[in-house]
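Attaching a single structure in C-alpha cells format; questions to follow.
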Protein chains: 2
Amino acid sequence: MQQGSDIAGEFVERWNAAAEVEQTGTCPVRDVLDKIGDKWSMLIVMYLAAAPKRFNQLHREIPDISQKMLTQTLRDLQRDGLVSRHVFDTKPPSVEYRLTGLGQSLIVPFGYLIEWANKSIPEIVEARACFDEIA
Amino acid sequence: MQQGSDIAGEFVERWNAAAEVEQTGTCPVRDVLDKIGDKWSMLIVMYLAAAPKRFNQLHREIPDISQKMLTQTLRDLQRDGLVSRHVFDTKPPSVEYRLTGLGQSLIVPFGYLIEWANKSIPEIVEARACFDEIA
DNA sequence: CTGTATCCCGTACGATACTG
DNA sequence: CAGTATCGTACGGGATACAG
C-alpha cells in the first residue's frame, strides 16, 4: 500500500511545478499523458514496434484512421523523437517510419500498463455493472 | 529490441478485437488509455495514493480543477471501481474518497510510465527543438 | 460541505477534395 | 504513393449559478 507513495509524490510535484510555469509551457508529465491519451499515438507506436512500416502499409493495417490523423500523428511522434522518417527516392516515392531508441523504450512501461488493463478488465466491468445497477 | 513484440502483438490484437465489436462497446485497452489521457483522472489517483481525502480537501489541493470536473472524475473513477466513496452523516455532510485495491494496483504500472516520462523529457525536448529548428 | 444544472467555447477528429 | 487544405461537427471541460 505504501509502495506508490514516492512515485505519487514525485508525480504531483512535477505536475504542480509545471502549473506554476503558468502558460509558458505545460507539464512534462501531462505532455506525455496527453500523447498516450490521444486517439492514435500509442496504437501507431505499437504497430511500429513489430517492424518499420511505410505510410500506406500503416494505413491499410489501421483502416479506421483518416489520412489526416495518420499524417498528423506521425508528425507529432517524429517531432518528439519517438519515430524517425526515411524517404526513399524511388519512382513512386516511398516513406518508411520506424521507432527510434526512445520510441522503443516507451514500449516497456507502456506494456506494463496494457498488462494491467488486460488483467483488470473483468474487475472494472463488474464494478461498472454493479454501479450502474444501483443508479 | 524484440522485448516489446509480444506486448505489442497482444495490444494490437485487443484493439482490433474491440473494433469488430463495432459500436457495442469500445476497446478495453482504449478504455483505460482514455482515462489516463483525460485531464484529471490520474492526478486525482495520485493525490489519493498518498491518503484518503475529502471532497474539498482534494479541491483545495488541486485548485485549478473545476467543481464540475472534480465531481465528474471522481464519479467515473468510482464507477470503474478505482475509488470508493464513504459518506459520513455529520452535521455538515462530509464525504471521503479513497483508492480501492484495484485503484492502488494502478499506481505501479502508472509509476513506470511517469518514470519513463521524467527520464525522457530532456531527450524529447531536444528532439522538438531540433525538429522545430529545421521547420 | 458536497454536490447538480446550464451555458458556452476551443479543439480534436472525421470527411472530402486536391497535389507533386 | 504520400501527403496538404478546407470544412463541419461532437465533445471535453471551464464558468457560473443554484440546492440539500
Side-chain angles (χ1 to χ4, degrees), chain A residues 15 19 22-23 26-27 30-31 33-44 47-48 52-80 83-98 131 134-135, chain B residues 15 19 22-23 26-27 30-31 33-44 47-48 52-80 83-98 131 134-135:
Chain A
W15 194 292
E22 212 75 9
Q23 317 308 34
T26 61
C27 170
R30 267 235 58 86
D31 239 46
L33 295 195
D34 282 349
K35 297 218 158 293
I36 288 171
D38 83 9
K39 200 168 180 183
W40 302 109
S41 292
M42 290 304 109
L43 218 216
I44 290 178
Y47 268 99
L48 288 179
K53 276 162 192 169
R54 302 210 344 247
F55 185 88
N56 267 9
Q57 198 172 351
L58 271 171
H59 204 355
R60 258 172 280 128
E61 295 183 5
I62 316 177
D64 49 341
I65 191 175
S66 64
Q67 221 170 25
K68 172 187 174 183
M69 288 316 294
L70 181 53
T71 304
Q72 181 177 308
T73 306
L74 283 169
R75 280 293 173 287
D76 287 347
L77 292 172
Q78 186 192 353
R79 190 173 108 97
D80 287 355
V83 159
S84 61
R85 180 174 181 270
H86 307 273
V87 181
F88 296 99
D89 216 14
T90 54
K91 241 218 333 211
S94 80
V95 180
E96 185 192 76
Y97 293 91
R98 68 171 64 211
F131 183 90
I134 295 174
Chain B
W15 193 293
E22 213 74 10
Q23 318 307 34
T26 61
C27 169
R30 267 234 57 87
D31 239 47
L33 295 195
D34 282 349
K35 297 217 158 295
I36 287 169
D38 83 9
K39 198 167 180 182
W40 303 109
S41 293
M42 289 304 108
L43 218 216
I44 290 178
Y47 268 99
L48 288 180
K53 276 162 192 169
R54 302 208 349 243
F55 186 87
N56 264 12
Q57 199 173 351
L58 271 172
H59 204 354
R60 257 172 282 131
E61 295 184 4
I62 315 176
D64 48 340
I65 192 177
S66 64
Q67 221 170 26
K68 172 187 173 182
M69 289 314 295
L70 181 54
T71 304
Q72 181 177 308
T73 305
L74 283 168
R75 279 292 173 288
D76 288 347
L77 292 172
Q78 186 193 354
R79 191 175 108 96
D80 287 355
V83 159
S84 61
R85 181 173 180 271
H86 307 274
V87 181
F88 296 99
D89 216 12
T90 54
K91 243 221 330 219
S94 80
V95 181
E96 185 191 77
Y97 293 92
R98 69 171 64 210
F131 183 90
I134 296 172

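Numbers restart at 1 for each chain; the letters A, B, ... are given by sequence-line order, proteins then strands.
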When we call it a touch if two heavy atoms are under 4.0 Å apart, what does A/Tyr97 touch: a base, just sugar-phosphate, or nothing?
-> sugar-phosphate
Could you tell me whether A/Arg85 contacts a base, only the sugar-phosphate backbone, or nothing, with contacts defined as non-hydrogen atoms closer than 4.0 Å?
-> sugar-phosphate
Picking from D/dG14, D/dC1, C/dT2, which would you name as closest to the side chain of B/Lys39?
-> D/dG14
At their closest point, which heavy atom of A/Ile36 faces which heavy atom of B/Ile36, and how far apart are they?
-> CG2-CG2, 4.4 Å
Do A/Asp38 and A/Ser41 get their side chains close enough for a donor-acceptor pair, meaning under 3.5 Å?
-> yes
Hey, does the side chain of A/Arg54 come within less than 4.0 Å of D/dC1's phosphate (OP1/OP2), counting only N and O?
-> no
Side-chain contact check for A/Trp40: nearest option of C/dT2, D/dG3, C/dC13 is C/dC13
Provide a list of protein-nucleic acid N or O atom pairs under 3.5 angstrom, restricted to nucleotides 4-10 of chain D.
none

Going through the checks in order, is the salt bridge (charged side-chain N to carboxylate O under 4.0 Å, His left out) test met by B/Arg30 and B/Asp34?
-> CA-CA 6 Å; B/Arg30 267 234 57 87; B/Asp34 282 349; 2.4 Å; yes
Would you tabulate the side-chain donor-acceptor contacts of residues 87-98 of chain B under 3.5 Å, counting partners in other chains and residues two or more places apart, or write 'none'?
from, atom 1, to, atom 2, distance (Å)
B/Thr90, OG1, B/Pro92, O, 2.6
B/Glu96, OE1, B/Arg98, NE, 3.3
B/Glu96, OE1, B/Arg98, NH2, 2.9
B/Tyr97, OH, B/Arg85, NE, 3.2

Identify the two heavy atoms, one from B/His59 and one from B/Ile65, that lie closest to each other, and give their separation to 0.1 Å.
-> CE1-O, 3.0 Å
Among D/dG20, D/dC1, C/dG3, the one nearest B/Pro93 by side-chain distance = D/dG20
Any donor and acceptor pair, going by atom type alone, linking the side chain of B/Gln57 with main-chain N or O of B/Arg54 inside 3.5 Å?
-> yes
